2 protein chains.
Amino acid sequence: MNVILKSHIKCNQCPIRHRAICSRCDEDEMAMLESMKSYRTYASGDVILWRGEPLEFVASVVSGVATLTKTMEDGRTQMVGLMLPSAFIGRPGRKVIDFDVTATDDVTLCCFDRVKFEKLIDDTPHVAQRLMELALDELDAARDWMVLLGRKTAREKIATFIELLSRHSSMNNDDHTKNIDLHMTRDQISDYLGLTLETVSRQFTALKKDGIIDFSDRRHFVVKDLAALHDETGDDADGGIVA
Amino acid sequence: MNVILKSHIKCNQCPIRHRAICSRCDEDEMAMLESMKSYRTYASGDVILWRGEPLEFVASVVSGVATLTKTMEDGRTQMVGLMLPSAFIGRPGRKVIDFDVTATDDVTLCCFDRVKFEKLIDDTPHVAQRLMELALDELDAARDWMVLLGRKTAREKIATFIELLSRHSSMNNDDHTKNIDLHMTRDQISDYLGLTLETVSRQFTALKKDGIIDFSDRRHFVVKDLAALHDETGDDADGGIVA
DNA sequence: ACCATGCCTTGATGTAGATCAACTAGATGA
DNA sequence: TCATCTAGTTGATCTACATCAAGGCATGGT
């Protein structure tokens, strides 16, 4: 269910104004972006972009969650990125991507024509700089995820994932005790963490039994003991994953 | 054994001239870089940069192999990057790095003062563009590695690693049948692949028994059947890892 | 009200790779 | 020449997680 809309939301009311590709832009640059942008929305489960397909547009995630997934020839899959609001999809000079992009939620994207956007970059150093920052942030996140995939136990993986959602959730809303949306099925989570869905389910149950989290329903949980959760991640006090 | 040398090699004779950070530069830009650069050399095993240490310089790998390694608080380690010749260490705007950089070989770096280099980037779009490309290449490599770490079997991991070395080796020298240098100990390889050193050893032995590779000594091997090797990687015919 | 259907949980069993341990082959050096 | 050390191999055993299998519980359509 892919819907394309001309821009309604004004940039200065945009929820990702200060974190997205446009965060460093001045008034003139914002006007330029505003005139170029359009919104697309996708329903949960829609494929936003197929691997290998030529890219028509690049986009920022405004709301919802999208995933980047790689598939091996025999069907094994591994998620290689989680695109939360303000993440940027598409890169200068890359006409195709090597993974599928899927909406796990209802997703709204702020889109720019790829070719026009690439021209814009050359004249807009603030955008080019921010694009570099976002790419480096993704590289950092990918490297932290390599540690998770290569060395962490199932319990540590789940704890890390929950902490990640918890941290991102409190970025928008300071209340740590509120219900957090999982956004994904057990199957999708297992793809992200390099596990099976059964193991994900068992580890959720275990963390609940240990009083670290609590589920209000299958898709929403509360962190009851943030410190204990962190102890289970295997990360040290300060460093570790920054998403 | 860290030695700093003023530049001897002329850029136009440099082995990584056409792949490194300078690959898009014109004559004037090259002259600028030439005047700024200096070489540093490290012996096998030396730590080039410690995690968290402020970066004095950024650098291209000219020869040898360096690794990026993350360590968990209880000592588990995971390699998150393999820096082959032409790879770039350090990023604009990042004063520290979150992993150790180690020489696995004797390594020569072409270094630039970090602060001066960051100023240079603003006036030298060819360098900024190339830096972006290299960062995106690393991101692609990191994502392929996530699939390897999360979903591949031990045999597939080893086959992928050997194919990676083989491909990189033939980039410089077309002869597929020549001896390829492993550059690393079994222990370091296990760190890269998310395995133990025993498993690495067993898989090497198994691939040798199956006639796919052959060892001339413990650190040098020949690929006897490139197609069979590829079949063992789990990657499809065209796509897969590009390093 | 009923039956699909999709998502999740829980249990029983299997296995790839980790762990523990012993041994071999070069390399270094007195 | 013999002792020591490091890197690698190989074997025996263990275990975390995968795999296989059986229900449970919502939601939606007819």
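Just so we're on the same page: letters track the sequence lines, and every chain starts at 1. Bear in mind the structure is a predicted one, so any value in this text is a computation, not a measurement.
- For the pair B:Glu198 CD and C:dC20 P, the computed distance is 10 Å after rounding to whole Å.
- Electrostatic pairing of B:Arg202 and B:Glu198 does not count as a salt bridge here, judged by no charged N lying under 4.0 Å from a carboxylate O.
- For the pair A:Phe215 CZ and C:dT10 P, the interatomic distance rounds to 11 Å; values are reported in whole Å.
- Remark: A:Arg186 fails to qualify as a cation-pi partner of A:Phe204 under the 6.0 Å distance and 45° angle criteria applied to the six-membered ring.
- Between A:Asp187 and B:Val200, the residue whose closest nucleotide on DNA chain C is further toward the 5' end is A:Asp187.
- B:Asp191 places its CG atom 14 Å from the P atom of D:dA7, with the value rounded to the nearest Å.
- Checked by distance alone, A:Gln188 brings no side-chain donor or acceptor within 3.5 Å of a matching partner on the base of C:dC7.
- With C:dT10, D:dT10, D:dT19 as the candidates, the nucleotide lying closest to the side chain of A:Ser201 is C:dT10.
- Atom NZ in B:Lys157 sits about 7 Å away from atom P in C:dA18, given to the nearest Å.
- A:Asp191 and A:Arg76 are not joined by a salt bridge, as no carboxylate oxygen comes within less than 4.0 angstrom of a charged side-chain nitrogen.
- Counting any heavy atom pair closer than 4.0 Å across all strands shown, B:Gly194 reaches sugar-phosphate atoms only and no base atom.
- When rounded to the nearest whole Å, the span between CG of A:Leu193 and P of D:dA18 equals 10 Å.
- Whole-Å rounding puts the B:Arg76 CZ to D:dA16 P distance at 13 Å.
- A salt bridge between B:Asp144 and B:Lys152 is absent, with no side-chain N of the basic residue lying under 4.0 Å from a carboxylate O of the acidic one.
- For C:dC8, the OP1/OP2 oxygens have a side-chain nitrogen or oxygen of A:Arg219 closer than 4.0 Å.
- Put simply, CG on B:Leu207 is 15 Å from C1' on D:dT9, counting in whole angstrom units.
- Taking only side-chain nitrogens and oxygens, A:Thr199 comes nearer than 4.0 Å to OP1 or OP2 of D:dA18.
- Residue whose closest nucleotide on DNA chain D sits further toward the 5' end, between A:Arg218 and A:Arg202: A:Arg202.
- The separation between B:Asp74 atom CG and C:dT19 atom P is 11 Å, rounded to whole Å.
- Nearest nucleotide to the side chain of A:Leu195, out of C:dA21, D:dA18, C:dC8: D:dA18.
- Residue whose closest nucleotide on DNA chain C sits further toward the 5' end, between A:Arg151 and A:Leu197: A:Leu197.
- Contact annotation: B:Thr196 does not reach the phosphate of C:dT19 (side-chain N/O to OP1 or OP2, under 4.0 Å).
- With DNA chain D read from its 5' end, the first of the two nearest nucleotides for A:Gln203 and B:Thr185 is the one closest to B:Thr185.
- We find that B:Arg94 and A:Asp140 are joined by a salt bridge, their nearest charged nitrogen and carboxylate oxygen being less than 4.0 Å apart.
- Here A:Arg186 does not reach the OP1 or OP2 of C:dC7: none of its side-chain N or O atoms lies under 4.0 Å away.
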